[in-house]
Amino acid sequence: MPELPEVETIRRSLLPLLTGKKIEAVEVYLEKAVKPSPGKLRDGLPGREIVEIERRGKYLTLQLDDGQRVTFHLRMAGRLVFMPVSAPLEKHTTLSITFTDGNSLRFVDPRKFGTVVYHAPSEPPVGLRKLGPEPLTTPKAEVLARWQTAAARRKGPVKGLLLDQEVLAGLGNIYADETLFLAGVRPERPANAISAREWEKIYESMITVLNDSIGHRGTSQRDYVDGLGEKGYHQVYLQVYGRKREPCRKCGTELVYTRVAGRGTHYCPHCQQ
DNA sequence: GTCTCCCTGTTC
DNA sequence: GAACAGGGAGAC
């Protein structure tokens, strides 16, 4: 499931492949995933060049030379992969953008949750418009202030706050669990009961976890691959996520699996208090 | 603010 | 053969 490190890895892998490429055609195979309509993409994209690729949270945006954008959200299982036009069409392909040089960008999404939006810069999709700031480039003091302000008016679990994309963009289930493990904080603790000292620890842990994962080209626990179809290897370094009932790597205690904020949640009952 | 639904491959 | 995985939009 692509979260910030995976989407950033996809962005970096696609950037040299797509920059300057001229679009020849657009094939849409799952109409309802494409907004405002497949026809608008088929009319607007051919002839345009890709000038830049931007990531915000888990959204990836292609910028075109006429200023228009194509914004993807891969949700749980989406893959965005560069390949020759001649490559066989994979099952569950949502859309293919073909380029004049014989290559194409395929959006393959078995769960059919992913979305593609063609839009002007002034009219981003609703989720992107409401998105909180970027974890890795926003000053620490600002992130801490944002968390603590949000925490003050909610008594739900701290993990739910970390997953809230309007508070801060980019963390999903894997990195919320990993961040809280490294911080030594239990995911179900009420957000308004976390001390300033603990918020600081959570911040430092989040930065470490995200940077480590980007360094490892993301976590390929299940479907995730980069823009060239290559897996990441951060799954090797996961401390708690996906390790239900296995021993904690720090203390050996059996890890707990439970449900917090509506998500499957992993933690160490000894290391996290 | 909280709940439901969207989907299908994988796991139990 | 059922339960589960899960981000976010939209409904309550």
Side-chain angles (χ1 to χ4, degrees), chain A residues 1-8 10 28-37 55-61 71-80 89-95 107-117 119 123-135 146-147 149-180 187-188 190-192 210 213 218-225 231 235 238 240-246 255-267:
Chain A
M1 43 228 72
E3 304 178 24
L4 188 155
E6 288 76 34
V7 180
E8 178 60 22
I10 293 170
V28 177
Y29 304 99
L30 183 67
E31 301 216 339
K32 63 174 208 135
V34 177
K35 307 284 182 198
S37 70
R55 180 194 57 73
R56 277 281 286 129
K58 305 171 196 170
Y59 291 85
L60 195 75
T61 299
T71 295
F72 295 85
H73 196 301
L74 309 182
R75 297 292 172 94
M76 269 75 73
R79 305 195 300 272
L80 208 47
L89 201 65
E90 272 185 74
K91 197 177 174 184
H92 305 304
T93 298
T94 291
L95 150 137
F107 180 29
V108 182
D109 182 21
R111 302 276 281 279
K112 302 184 178 169
F113 280 11
T115 52
V116 187
V117 185
H119 63 95
E123 296 165 343
V126 55
L128 192 52
R129 199 159 52 228
K130 295 197 290 187
L131 206 58
E134 283 295 311
R146 234 182 136 73
W147 275 345
T149 304
R153 25 162 221 259
R154 66 162 95 187
K155 43 185 188 283
V158 59
K159 176 169 174 178
L161 194 152
L162 294 183
L163 290 173
D164 188 336
Q165 304 298 299
E166 293 182 36
V167 176
L168 192 71
L171 288 192
N173 209 29
I174 297 175
Y175 299 107
D177 278 5
E178 293 295 307
T179 293
L180 288 169
E188 64 235 320
N192 62 8
L210 292 178
S213 182
T219 300
S220 291
Q221 190 86 340
R222 289 201 182 86
D223 315 270
Y224 163 73
V225 290
K231 292 181 181 233
Q235 62 277 12
L238 294 177
V240 290
Y241 184 86
R243 302 192 63 240
K244 184 188 327 193
R245 306 198 57 192
E246 290 180 39
L255 298 177
V256 169
Y257 179 75
T258 181
R259 189 155 289 267
V260 178
R263 302 275 177 254
T265 297
H266 313 72
Y267 70 88

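None of these values were measured; they are calculated from a predicted model. First the proteins, then the strands, lettered A, B, ... as listed; each starts at 1.
No engagement by A/Y224 is indicated, since no non-hydrogen atom pair under 4.0 Å with the nucleic acid exists.
A close approach under 4.0 Å does not occur between any side-chain nitrogen or oxygen of A/Q165 and OP1 or OP2 of C/dG7. For the OP1/OP2 pair of C/dG8 and a distance below 4.0 Å, the side-chain nitrogens and oxygens of A/K130 include no atom meeting the criterion. The side chain of A/Y175 contributes no N or O atom lying less than 4.0 Å from OP1 or OP2 of C/dG6.
Mapping A/M76 and A/H92 onto DNA chain B via the closest heavy atom, the residue that lands nearer the 5' end is A/M76. Two residues, A/K112 and A/G156, neighbour DNA chain B, and the one matched to the more 5' nucleotide by heavy-atom proximity is A/G156.
A/E246 and A/Y257 share no donor-acceptor pair across their side chains, judged by distance under 3.5 Å alone. Between the side chains of A/D177 and A/H266, at least one donor N or O sits under 3.5 Å from an acceptor N or O.
Separating the NE2 atom of A/H73 from the P atom of C/dA9 is a distance of 7 Å, rounded to the nearest angstrom. As rounded to whole Å, 14 Å separates atom P of C/dG7 from atom CG of A/D109. A/R129 places its CZ atom 15 Å from the P atom of C/dG8, with the value rounded to the nearest Å. In this structure, the CD atom of A/Q221 is 13 Å from the C1' atom of B/dT10, given to the nearest Å. Protein atom CG of A/L30 is 14 Å distant from nucleotide atom P of B/dC6, rounded to whole Å. Counting to the nearest Å, the P atom of C/dA5 and the CD atom of A/E3 are 15 Å from each other. In this entry the distance linking CG of A/L162 with C1' of C/dG7 reads 15 Å, nearest Å. The nearest whole Å value for the distance from the CZ atom in A/F113 to the C1' atom in B/dC5 is 8 Å.
Looking at the side chain of A/K91, the nearest of the listed nucleotides C/dG7, B/dG9, C/dG10 is B/dG9. The side chain of A/R259 sits closest to C/dA5 out of C/dG8, C/dG6, C/dA5. Here the nucleotide nearest the side chain of A/Y257, chosen from B/dG9, C/dG6, C/dG8, is C/dG6. Closest to the side chain of A/R111, from the set C/dG6, B/dG9, C/dG10, is C/dG6. Candidate nucleotides C/dG10, C/dG7, C/dG8 were compared by shortest atom distance to the side chain of A/Y59, and C/dG8 ranks first.
The main-chain N or O of A/G57 is never found under 3.5 Å from a side-chain atom of A/E3 such that the two would form a donor-acceptor pair.
Here A/F107 and A/F72 bring their ring centres to under 6.0 angstrom of each other.
Between the side chain of A/R263 and the base of C/dG7 there is at least one donor-acceptor pair of N/O atoms closer than 3.5 Å.
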Does the pair A/V158 and A/L180 meet the rule for a side-chain contact (heavy atoms from CB on, under 4.5 Å), with working shown?
CA-CA 9 Å; A/V158 59; A/L180 288 169; 4.3 Å; yes

